[in-house]
Amino acid sequence: QVQLVESGGGLVQAGGSLRLSCAASGRTFSLYNMGWFRQAPGKARAFVAAISRSGGSTSYADSVKGRFTISRDNAKNMVFLEMNSLNPEDTAVYYCAAVFALGDVSTRGGYDYWGQGTQVTVSS
C-alpha cells in the first residue's frame, strides 16, 4: 500500500513556474514507477509525465515536453514536477500516482495509487 500527498500547487501568471511535490509513504518507494497526471475542468484526466523506479527513464506528454521536468528522490520518498513557461492551458488539478514495477522503464498507464490532487491555476 502506498499513500501519496501532493503539494506545491497555486496561482501563477502565464510564463511563470511552479514546482509540485509528492510525498509517498512506505519503505519500498524505489520499487514503484511514479507519474503525474492532470485533470482540467470538463476534461478527462490526462498523462503528464512519468519516471521509472531509479529515475533513469522518463516520459512526457507532448504538450509539456521541454517545459516540465519530472524527478525523484528515493532516499526521501519524494517525486517532483518542475513546471516552467506555464500557460493557461496548464490549469488543472495535478495528481501524483504510483505503480509497482518489475522493470526500470517509465510507464504512462496502469497506475494503482493516487494522491488527492493539487490545484494549479495559470492566469493570462
Side-chain angles (χ1 to χ4, degrees):
Q1 190 81 13
V2 177
Q3 293 184 326
L4 305 171
V5 179
E6 303 96 333
S7 62
L11 174 64
V12 64
Q13 288 188 332
S17 299
L18 278 176
R19 188 192 196 207
L20 304 183
S21 299
C22 174
S25 66
R27 293 176 289 180
T28 58
F29 177 70
S30 62
L31 298 181
Y32 288 79
N33 282 353
M34 301 297 296
W36 286 97
F37 292 75
R38 67 186 181 186
Q39 187 167 19
K43 295 186 177 181
R45 187 164 55 191
F47 169 78
V48 174
I51 190 166
S52 65
R53 293 167 27 167
S54 72
S57 170
T58 58
S59 179
Y60 296 93
D62 288 343
S63 59
V64 306
K65 201 171 295 183
R67 300 188 298 123
F68 291 11
T69 302
I70 188 171
S71 61
R72 66 189 295 164
D73 184 338
N74 284 347
K76 297 182 179 179
N77 283 17
M78 298 287 294
V79 63
F80 307 99
L81 186 67
E82 186 75 35
M83 305 186 295
N84 298 313
S85 302
L86 286 162
N87 58 64
E89 290 69 40
D90 295 316
T91 294
V93 178
Y94 282 72
Y95 297 91
C96 175
V99 60
F100 180 81
L102 295 177
D104 194 34
V105 178
S106 61
T107 55
R108 297 190 173 208
Y111 286 84
D112 298 313
Y113 303 98
W114 297 85
Q116 83 290 348
T118 185
Q119 176 70 47
V120 172
T121 303
V122 184
S123 63
S124 57

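If you read the sequence from its start, that first residue is 1, and numbering goes on from there. The model shown is predicted, which means the values in this text are computed figures rather than measured ones.
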Item to check | Within residues 42-85 or reaching into it, pairs that qualify as disulfide (SG to SG under 2.5 Å) - sequence neighbours excluded | outcome: none
Next on the checklist: Per the disulfide (SG to SG under 2.5 Å) rule, what does the pair list look like for residues 48-93, sequence neighbours excluded?
Outcome noted: none
Checklist outcome for this item: Closest heavy-atom pair, Asp112 versus Phe100, reported as atoms and distance to 0.1 Å, is OD2-N, 4.5 Å
Next on the checklist: Just to verify, what does Ser17 make a side chain to side chain contact (heavy atoms under 4.5 Å, CB included) with, not counting sequence neighbours?
Outcome noted: Asn84
Checklist entry - Tell me, which pairs form a disulfide (SG to SG under 2.5 Å) where one or both residues lie in residues 34-94, sequence neighbours left out? => result none
Next on the checklist: Is there a path of hydrophobic side-chain contacts, each under 4.5 Å between heavy atoms of I/L/V/M/F/W/Y residues, joining Val64 to Phe47?
Outcome noted: no
Item to check | Interatomic distance, Ser71 atom OG to Glu82 atom CD [nearest 0.5 angstrom] | outcome: 8.0 Å
Item to check | Closest heavy-atom pair and its distance - Gly9, Leu20 | outcome: N-CD2, 3.6 Å
Checklist entry - Are the side chain of Thr91 and the backbone N or O of Val122 linked by a donor-acceptor pair below 3.5 Å? => result yes
Checklist entry - Which heavy atom in Val79 sits nearest to a heavy atom in Ile51, and how many Å separate them? => result CG2-CG2, 4.2 Å
Checklist entry - Above 12 or not: heavy atoms from other molecules or residues under 6.0 Å from CD of Gln3? => result no
Checklist entry - Partners of Ala97 by side chain to side chain contact (heavy atoms under 4.5 Å, CB included), sequence neighbours excluded? => result Phe37, Tyr111, Trp114
Checklist entry - Is there a chain of hydrophobic side chains (I, L, V, M, F, W, Y, each step under 4.5 Å between heavy atoms) that links Val99 to Met34? => result no
Checklist entry - If Ile, Leu, Val, Met, Phe, Trp and Tyr residues are connected whenever their side-chain heavy atoms lie under 4.5 Å apart, and connections chain through other members, are Val93 and Trp36 in the same group? => result no
Next on the checklist: Test: salt bridge (Lys or Arg N to Asp or Glu O under 4.0 Å). Region: residues 48-61. Which pairs qualify, not counting sequence neighbours?
Outcome noted: none
Item to check | Which residues share a side chain to side chain contact (heavy atoms under 4.5 Å, CB included) with Ser123, sequence neighbours left out | outcome: Leu11, Gln13
Checklist outcome for this item: Closest non-hydrogen atoms of Ser59 and Arg108, given as atom of the first, atom of the second and distance, are OG-NE, 2.8 Å
Item to check | Qualifying salt bridge (Lys or Arg N to Asp or Glu O under 4.0 Å) pairs, either residue in residues 57-73, two or more places apart | outcome: Asp62-Lys65, Arg67-Asp90
Checklist entry - What closest approach, in Å, do Thr28 and Tyr32 show between heavy atoms, and which atom pair accounts for it? => result O-CD1, 3.1 Å
Checklist entry - Would you say Gln39's side chain and Ala92's backbone share a donor-acceptor pair under 3.5 angstrom? => result no
Next on the checklist: Do Val2 and Phe29 sit in one hydrophobic cluster, given that two such residues count as connected whenever their side-chain heavy atoms are within less than 4.5 Å of each other, even indirectly?
Outcome noted: yes
Item to check | With Tyr94 via side chain to side chain donor-acceptor pair (under 3.5 Å) - residues at least two apart | outcome: Arg38
Next on the checklist: Tell me whether Val120 shares a hydrophobic cluster with Phe68, the cluster being built from Ile, Leu, Val, Met, Phe, Trp, Tyr side chains joined at under 4.5 Å.
Outcome noted: yes
Checklist entry - With sequence neighbours left out, what residues match Ser54 under side chain to side chain contact (heavy atoms under 4.5 Å, CB included)? => result Ser52, Asp104
Item to check | Least distance between heavy atoms, Leu4 atom then Ala24 atom | outcome: CD2-CB, 3.6 Å
Next on the checklist: Under the salt bridge (Lys or Arg N to Asp or Glu O under 4.0 Å) definition, can you give me all pairs with a residue in residues 39-52, not counting sequence neighbours?
Outcome noted: none
Item to check | Listed once per pair and sorted, the disulfide (SG to SG under 2.5 Å) pairs that draw on residues 26-97, sequence neighbours left out | outcome: Cys22-Cys96
